[in-house]
Amino acid sequence: METYRCRKCGECCRRLIYHNECSEEDYRRWEKLGREDILQWVRPVRRKGKVTGYQIWVEPETNRFIKTCPWLAERPDRNITVCKIQDVKPEICRQYPGSRKHGLKTGCKGFSGK
């Protein structure tokens with residue numbers, strides 16, 4: 001992926017649905033860091049009373065999924081979009097796009113020639 005360079009357009013944060021992609025490691029890291037601001041947007045998934053996974057970007061007031069990541073912020077002064085939790089964002093976000101094929105399939109503008 002030597003031709004990949006993130007253009008900070010934010011399209012991946014707006015278009016991709018990662019609600020079921022929160023790892024236990026992400027959750028535990030946020031707990032350890034005391035990131036209640038993030039944890040309030042996370043919903044544990046329980047089966048038979050046991051936590052079996054975590055869902056992210058669940059609106060605290062309604063318990064419904066929101067359409068885009070709550071940590072996405074526009075920077076019109078620089079014509080970019082930034083992640084307000086960049087240093088602790090979920091692993092699934094850190095891995096994006098993963099491969100050129102996945103990036104192109106999902107509309108990523110970070111590859112040369114686009």
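Keep in mind that the numbers below use all heavy atoms, side chains included, and drop hydrogens, waters and symmetry copies.
Tracing side-chain contacts under 4.5 Å through hydrophobic residues (I, L, V, M, F, W, Y), one never reaches Tyr27 starting from Val45; they form parts of separate clusters.
Residues satisfying the side chain to side chain donor-acceptor pair (under 3.5 Å) criterion with Arg29, sequence neighbours excluded, are Asp26. For Gln40, the side-chain contact (heavy atoms from CB on, under 4.5 Å) partners are Pro60, not counting sequence neighbours.
By the 4.5 Å heavy-atom criterion applied to side chains, Phe111 and Pro97 are counted as neighbours. For the pair Trp30 and Pro90, the minimum side-chain heavy-atom distance is below 4.5 Å. The side-chain heavy atoms of Trp57 and Cys22, taken from C-beta on, include no pair separated by under 4.5 Å. By the 4.5 Å heavy-atom criterion applied to side chains, Gln86 and Val82 are not counted as neighbours. Using a 4.5 Å heavy-atom cutoff, the side chains of Trp71 and Cys13 are not in contact.
Summarising the geometry, atom SG belonging to Cys69 is positioned 5.5 Å from atom CD1 belonging to Ile85; distances are rounded to the nearest 0.5 Å. The distance from atom CG of Leu72 to atom SG of Cys12, rounded to the nearest 0.5 Å, is 8.5 Å. Atom CD1 of Ile80 and atom CG of Asp77 lie 7.5 Å apart (nearest 0.5 Å). Here the CH2 atom belonging to Trp41 is positioned 12.0 Å from the CD1 atom belonging to Ile56, to the nearest 0.5 angstrom. Here the CD-CD distance, from Glu24 to Glu31, works out to 9.0 Å after rounding to the nearest 0.5 Å. Note that NZ of Lys84 and CG of Asp37 are 9.5 Å apart. Values are rounded to the nearest 0.5 Å.
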Trace of the side-chain hydrogen bond (donor to acceptor under 3.5 Å, both in side chains) decision for Thr3 with Arg100: CA-CA 9 Å; Thr3 61; Arg100 179 179 178 83; 3.1 Å; yes
Show your working on salt bridge (charged side-chain N to carboxylate O under 4.0 Å, His left out) between Glu25 and Arg28 and close with a plain yes or no. CA-CA 5 Å; Glu25 291 78 21; Arg28 298 288 172 225; over 6 Å; no
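Within a 6.0 Å radius of NZ in Lys89, other residues, nucleotides and ligands contribute more than 12 heavy atoms. The number of heavy-atom neighbours closer than 6.0 Å to CG of Asn63, taken from other residues, nucleotides and ligands shown, is above 12.
No donor-acceptor pair under 3.5 Å is formed between the side chain of Thr52 and the backbone N or O of Arg46. Under the 3.5 Å distance criterion, the side-chain polar atoms of Arg7 are matched with a main-chain donor or acceptor of Lys109. Judged by distance alone, with hydrogens and angles left aside, the side-chain atoms of Arg64 form no donor-acceptor pair with the main-chain N or O of Val58 at under 3.5 Å.
Between Glu74 and Arg14 there is a salt bridge, since a side-chain N of the basic residue sits under 4.0 Å from a carboxylate O of the acidic one.
Judged by a 6.0 Å distance limit and a 45° cone about the ring axis, Arg43 is positioned over the six-membered ring of Phe65.
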